[in-house]
Every structure is written in structure tokens, then in C-alpha cells.
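Just below is one structure, and these are the notes that go with it.
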Protein chains: 2
Amino acid sequence: MGTTQLETVPEPKYWHLKTVLSEALDSEFSVGEILPNERDLAARFGVARATLRQALEQLELEGRLQRRRGVGTTVAPPRVGVAVAPARPTWPGAAGDDWQPVDAVETDTVPAAVARLLETAAGDRVYLVRRSRVTQGQPLAAESLYVPVAALPGRLEAGVLNGPAGAYAVLGELQSLELDGQDRTVELGSARAEDAKQLDRLPGAPVLVVTTRYVSGGRTTAVAVSTYRADTCRLTFGDSDAVALLAG
Amino acid sequence: MGTTQLETVPEPKYWHLKTVLSEALDSEFSVGEILPNERDLAARFGVARATLRQALEQLELEGRLQRRRGVGTTVAPPRVGVAVAPARPTWPGAAGDDWQPVDAVETDTVPAAVARLLETAAGDRVYLVRRSRVTQGQPLAAESLYVPVAALPGRLEAGVLNGPAGAYAVLGELQSLELDGQDRTVELGSARAEDAKQLDRLPGAPVLVVTTRYVSGGRTTAVAVSTYRADTCRLTFGDSDAVALLAG
DNA sequence: TAGTGGTCTAGACCACTAT
DNA sequence: TAGTGGTCTAGACCACTAG
């Protein structure tokens with residue numbers, strides 16, 4: 001201990017900056033308020049714009065900020081809690097789910113990861129149903145539901161598939177099957193171009209990818225890949241007993 | 001259609017780069033293989049290093065790559081599926097869970113979000129138990145478990161709290177209570193310095209934050225905040241029926 | 001058209017790991 | 001000590017939004 005020198009912790013500037021900004025957001029800003037632009041902020045803190053942006057990116061990742069090109073940076077509202085797992089297994093499109101059918105097509109191009117779950121071979125035909133989930137005007141999630149054509153009792157004509165009506169048609173066929181169970185995985189991903197558009201984000205935006213496997217008759221009958229905006233969503237996996245106890 | 005000009009889509013360079021690299025990873029590299037260093041890669045693709053890094057960051061976020069300072073960039077193995085929700089609610093520390101107790105302390109500083117769930121007031125004493133989850137030598141997750149001192153039947157002396165033994169002591173007290181239910185939320189976060197260290201990542205690394213609320217006697221008795229490495233983990237929420245069917 | 005965030009460059013230096 | 005990824009700079013231009 002021959003020196004009084006404080007332990008030199010070369011904490012990165014952007015990290016320190018993030019902390020400072022985070023505290024400022026708590027104390028001096030309210031939800032929806034617009035921050036100064038990036039050039040001004042960088043100048044105010046005496047750092048390059050790229051460094052400032054690194055801090056802003058982290059805060060956006062944590063759901064504290066919202067940035068929109070051409071508009072500015074605003075203080076984000078708290079994340080929305082989104083119920084992901086219903087109390088009891090149900091098919092997608094069952095009464096009471098929050099999804100809006102968008103369209104449906106028949107195809108044979110299936111992501112490798114999905115094909116593995118469905119145990120389909122290359123070239124097998126599947127219905128692809130696209131849906132979206134919206135609350136209070138804000139798009140929360142986009143979903144692709146894959147159902148092997150062979151898994152449904154009736155074959156749907158290509159003519160009826162277009163648009164939301166087509167999506168309803170496929171979902172309707174599903175309800176006639178008995179659902180034995182389902183399981184889910186959650187992982188981090190980045191939005192593909194198509195999803196990004198639907199989510200009102202730029203391609204590559206961080207998303208929480210929920211993969212749901214529906215089991216019927218001893219085999220996987222459908223797979224849903226739902227991508228939730230990671231900046232605005234908090235996924236909830238409820239236990240109805242616990243919820244009931246606290247609510248009562 | 002008066003022009004043969006292809007639609008000019010100014011796809012960002014880093015996005016295109018990411019696609020190219022991603023395909024190369026699929027076809028030309030195997031797990032664990034070392035990529036050329038960033039300066040060489042950037043030169044090879046004719047872009048600035050910062051641009052190349054933007055593409056690598058995305059791929060790392062998606063779990064395709066693993067980068068380590070001073071070492072290099074390697075092709076990551078597929079994400080590990082981590083069971084997050086046991087078939088039936090159990091207290092943390094119950095027989096068979098994968099967590100290793102690290103230590104425990106008594107404190108009155110609780111994150112605001114946790115205090116809200118526990119319905120504790122400022123100054124209320126809580127036990128803070130830290131645990132970690134490891135598979136095959138790789139740290140997967142770090143956890144902070146908060147239990148109000150008032151919620152446990154017996155008061156633990158400060159002396160017994162240090163180290164893993166202290167953690168076991170608190171967890172042991174919990175088992176004596178009846179667990180009515182639990183629920184969980186999953187959201188994206190960035191690793192705090194302490195967690196980052198435990199996870200062998202840099203501060204700010206993306207993590208999946210699982211918040212579990214344990215309900216006993218009609219109130220929230222404990223809250224666990226578990227942070228999983230987002231790059232290496234895929235959280236699974238199993239349905240034992242479905243799993244049993246597929247396994248059989 | 002003015003102002004915003006998004007992309008990109010060509011450097012520099014630092015922190016860390018392995019030899 | 002050499003080589004890696006991590007941080008940082010000071011610019012430039014582009015894509016988008018709104019008045």
C-alpha cells in the first residue's frame with residue numbers, strides 16, 4: 001500500500017455515459033420526452049458521436065429509450081407485459097388469442113430449424129400462416145406458423161389461401177384436431193427484413209424469438225415462430241394459481 | 001415497366017456482409033474453427049473494420065460466433081437448451097435443480113423492480129442469495145434471489161451467511177414453507193458488471209433476464225432474477241405431456 | 001428544406017491472451 | 001512481445017420525417 005493512487009479502473013466511456021444517462025432519465029425526464037439530438041449530446045459530454053451512440057444503443061436495448069430516424073430519441077414507456085403461455089394448451093387461432101391473421105400460403109421452403117421440429121423432409125408441402133400481434137396501435141410481434149399439409153384432414157385450395165381469410169381457413173382446420181400438448185423455447189435473435197417491417201423496426205433489431213411446438217396424435221403437428229420486439233416487450237409465463245391468489 | 005433498372009435497394013453493407021458470412025459459416029466452417037482476424041476480414045471484403053465489426057456483432061448476438069479478446073473469433077456451437085420452468089413449482093434450491101449456491105448476505109438495498117414485486121418498503125431487510133448455473137464448464141447464468149427476512153420462520157445469524165454454506169442456510173429455510181405457485185417473465189437486458197464477471201463476458205453483454213416470483217401464503221415470498229447469457233442459451237419451457245409423448 | 005438518426009471510413013490506442 | 005478483439009475519434013454522407 002505504498003501509493004494513495006485509487007485503483008485505476010478504466011471503465012469504458014460509453015459504459016459510464018450509459019450510467020449517467022440512465023440516472024438522468026430516472027430523475028430529469030418523463031416518458032415520451034424528447035432528448036437532445038445525438039450531436040448535441042455528444043458535444044455536451046465531450047465524446048465522439050459514435051461513443052455516445054454506443055451508450056444510447058445499450059439504453060435502447062434495455063427498453064429505456066426509443067429512437068426513430070428523422071424524428072429523434074424519446075424516453076420509452078415501461079415494457080409491456082405480454083402473456084405468452086395460456087393457462088392450458090390451445091391451438092393458435094383459438095378463441096381469445098390476441099393475434100390477427102395476415103395471410104397464408106402453401107410452400108415447401110421451411111427454415112431448417114423448423115423442419116427439424118416438424119420432422120418434414122425437403123420438398124414436403126406446408127401451409128405458412130402469418131399473423132401479427134398489436135396492442136394499443138403498437139406492433140408487438142410477428143409470427144410464422146408452419147403446418148404440414150399432410151397434417152390437416154382436408155386439403156385447402158390455393159384460391160382460398162390469400163389474405164386473412166386464408167389464414168382463418170388453415171387455423172380453422174387445426175381446431176378440429178386434438179391437441180396433446182405444447183412446449184416453448186425463448187431465445188434472442190435479430191429481426192429478418194420481413195419481420196422488421198411488420199414490427200416497425202429496422203432489419204437486425206433485437207427480438208425475442210418464441211418457438212412453440214404443438215403436439216397432436218403423438219407427433220409435432222405445427223410449429224409457430226413468434227418474434228417479439230425485445231425493446232418493448234416483457235414476456236410473461238403465468239401460473240394461474242399464483243395470479244389468482246394475488247388478485248384475490 | 002419502362003425501365004430495366006433493378007429496384008435499387010441500398011441494403012446496408014454490414015447487413016449484406018452478415019448474410020455472406022452467415023452462409024460461409026454454414027458451408028465452409030465447422031464449430032470451434034477460428035476465423036481470420038478482423039483486420040484481415042475487413043480488408044478481404046473491402047470495408048472498414050468498424051463495418052465488419054457491425055456484422056460480427058449481429059452474428060454473435062444470434063449465437064453464431066464467439067469472440068474473445070486477445071484470442072480471436074470462433075464459430076460457436078449451437079445454443080444450449082436450458083430448462084427454465086420445472087414441471088411443477090418448486091422453491092429454488094429444491095433437490096435436483098442445477099444451481100450452485102455462491103454466497104448470501106443480509107442487506108436492505110433491493111432493485112426497485114424487485115421491491116415492487118416483494119411489496120417491501122425502503123429499509124426492509126432481505127436476504128440476498130447468489131447462485132450460478134454451469135454446464136460443461138461453461139457458465140450459463142447468474143442469479144440473485146431476494147427473500148425478505150420477515151418472510152422466513154427463523155432469523156439467520158450474520159455469521160452463518162458467508163459463502164455457499166450461507167446460501168444453503170437461506171435456501172433450506174425456504175423449503176419449510178408451502179409454495180402456492182410461481183410465475184415468470186423473460187426480457188432482454190445487459191449484464192451488470194458483477195453478472196458479466198460471473199458469466200465470463202464483458203459488462204453490457206446481452207442477457208435474457210428471467211424474473212421468477214414465488215408465492216406462498218397469499219403473498220410474494222421470494223423473487224429470483226436470473227440472467228442467462230443470450231448468446232449461448234435457448235430457454236425452454238417444457239410441457240411434460242408433450243415431451244413424454246415424443247420420447248415414447 | 002432542415003433536422004434527425006443510420007451508415008461508413010481510416011485511422012489510433014488500449015486491454016487482454018498466449019507464447 | 002506479438003497478435004487479438006475492444007474502445008474511441010472526427011469527420012462524411014445517406015435515408016427518413018416533418019414543417
Side-chain angles (χ1 to χ4, degrees), chain A residues 7-19 21 32-61 64-76 190-191 193 196-197 200-206 231, chain B residues 7-19 21 32-61 64-76 190-191 193 196-197 200-206 231:
Chain A
E7 190 186 9
T8 304
V9 188
E11 188 180 51
K13 280 190 187 178
Y14 77 89
W15 185 257
H16 180 240
L17 209 50
K18 180 196 142 186
T19 309
L21 284 169
E33 208 172 335
I34 304 178
L35 266 65
N37 72 54
E38 296 183 350
R39 290 162 181 85
D40 285 353
L41 272 181
R44 184 176 311 185
F45 287 106
V47 300
R49 189 176 156 220
T51 304
L52 186 268
R53 277 179 61 81
Q54 218 173 334
L56 294 184
E57 262 149 39
Q58 287 245 356
L59 289 169
E60 191 180 26
L61 202 77
R64 307 288 312 273
L65 291 179
Q66 199 156 341
R67 298 192 288 173
R68 279 191 303 165
R69 168 154 45 176
V71 179
T73 301
T74 56
V75 181
S190 47
K197 203 170 175 182
D200 192 24
R201 301 254 63 196
L202 292 176
D231 55 345
Chain B
E7 191 186 8
T8 306
V9 189
E11 188 180 53
K13 279 189 187 177
Y14 77 90
W15 185 257
H16 180 241
L17 208 52
K18 180 195 141 185
T19 309
L21 285 169
E33 207 171 336
I34 304 179
L35 267 63
N37 72 52
E38 297 183 349
R39 289 161 180 86
D40 286 353
L41 271 181
R44 184 176 312 185
F45 287 106
V47 299
R49 187 175 159 222
T51 305
L52 185 268
R53 277 179 61 81
Q54 219 173 332
L56 294 184
E57 262 149 40
Q58 287 245 354
L59 289 170
E60 191 180 26
L61 202 77
R64 308 288 311 274
L65 291 180
Q66 199 157 338
R67 297 193 288 174
R68 279 192 303 163
R69 170 157 39 181
V71 179
T73 301
T74 55
V75 181
S190 45
K197 204 169 174 183
D200 192 23
R201 301 257 63 198
L202 292 177
D231 55 343

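As the structure is a computational prediction, the values presented were derived from the model and not from experiment. Lettering follows sequence order; numbering is per chain, from 1.
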Legend entry - Any A:Leu202 side-chain heavy atom under 4.5 Å of A:Arg69 side chain: yes

Partners of [X] by side chain to side chain contact (heavy atoms under 4.5 Å, CB included), sequence neighbours excluded?
X        : result
A:Thr19  : A:Glu23
A:Pro203 : A:Ala196, B:Trp15
B:Leu61  : A:Leu188, B:Pro206

Inset, instruction - Please map the stems of DNA chain C, keeping only stretches of three or more Watson-Crick or G-U wobble pairs with both distances under 3.5 angstrom. - result: C:1-18 with D:1-18

Taking only nitrogen or oxygen atoms into account, show me every contact under 3.5 Å that the protein makes with nucleotides 2-9 of chain C, one pair per line with its distance.
{"unit_1": "C:dG3", "atom_1": "N2", "unit_2": "A:Gly70", "atom_2": "O", "d": "3.3"}
{"unit_1": "C:dT4", "atom_1": "OP1", "unit_2": "A:Asn37", "atom_2": "ND2", "d": "2.8"}
{"unit_1": "C:dT4", "atom_1": "OP2", "unit_2": "A:Asn37", "atom_2": "ND2", "d": "3.2"}
{"unit_1": "C:dT4", "atom_1": "O2", "unit_2": "A:Gly70", "atom_2": "N", "d": "3.1"}
{"unit_1": "C:dG5", "atom_1": "OP1", "unit_2": "A:Thr73", "atom_2": "N", "d": "3.4"}
{"unit_1": "C:dG5", "atom_1": "OP1", "unit_2": "A:Thr73", "atom_2": "OG1", "d": "3.1"}
{"unit_1": "C:dG5", "atom_1": "OP2", "unit_2": "A:Glu38", "atom_2": "N", "d": "2.9"}
{"unit_1": "C:dG5", "atom_1": "N7", "unit_2": "A:Arg39", "atom_2": "NH1", "d": "3.2"}
{"unit_1": "C:dG5", "atom_1": "O6", "unit_2": "A:Arg39", "atom_2": "NH2", "d": "3.1"}
{"unit_1": "C:dG6", "atom_1": "OP2", "unit_2": "A:Arg53", "atom_2": "NH1", "d": "2.9"}
{"unit_1": "C:dG6", "atom_1": "OP2", "unit_2": "A:Arg53", "atom_2": "NH2", "d": "3.4"}
{"unit_1": "C:dG6", "atom_1": "OP2", "unit_2": "A:Arg67", "atom_2": "NH1", "d": "3.4"}
{"unit_1": "C:dG6", "atom_1": "N7", "unit_2": "A:Arg49", "atom_2": "NH2", "d": "2.8"}
{"unit_1": "C:dG6", "atom_1": "O6", "unit_2": "A:Arg49", "atom_2": "NH1", "d": "3.0"}
{"unit_1": "C:dT7", "atom_1": "OP1", "unit_2": "B:Tyr14", "atom_2": "OH", "d": "2.9"}
{"unit_1": "C:dC8", "atom_1": "OP1", "unit_2": "B:Lys13", "atom_2": "N", "d": "2.2"}
{"unit_1": "C:dC8", "atom_1": "OP2", "unit_2": "B:Tyr14", "atom_2": "N", "d": "3.3"}
{"unit_1": "C:dT9", "atom_1": "OP1", "unit_2": "B:Lys13", "atom_2": "NZ", "d": "2.9"}
{"unit_1": "C:dT9", "atom_1": "OP2", "unit_2": "B:Ala48", "atom_2": "N", "d": "2.8"}
{"unit_1": "C:dT9", "atom_1": "OP2", "unit_2": "B:Thr51", "atom_2": "OG1", "d": "2.4"}

Which pairs of donor and acceptor atoms, one on a side chain in residues 45-54 of chain B, lie under 3.5 Å apart (sequence neighbours left out)?
{"unit_1": "B:Arg49", "atom_1": "NE", "unit_2": "B:Glu38", "atom_2": "OE1", "d": "3.0"}
{"unit_1": "B:Arg49", "atom_1": "NH2", "unit_2": "B:Glu38", "atom_2": "OE1", "d": "3.0"}
{"unit_1": "B:Arg53", "atom_1": "NH1", "unit_2": "B:Glu38", "atom_2": "OE1", "d": "3.1"}
{"unit_1": "B:Arg53", "atom_1": "NH1", "unit_2": "B:Glu38", "atom_2": "OE2", "d": "3.1"}

Legend entry - Inter-residue atom distance B:Glu11.CD - B:Leu17.CG, 0.5 Å rounding: 10.5 Å

Inset, instruction - Go through A:Arg67 and A:Glu57 one step at a time and tell me if the side chain to side chain contact (heavy atoms under 4.5 Å, CB included) criterion holds. - result: CA-CA 9 Å; A:Arg67 298 192 288 173; A:Glu57 262 149 39; 3.1 Å; yes

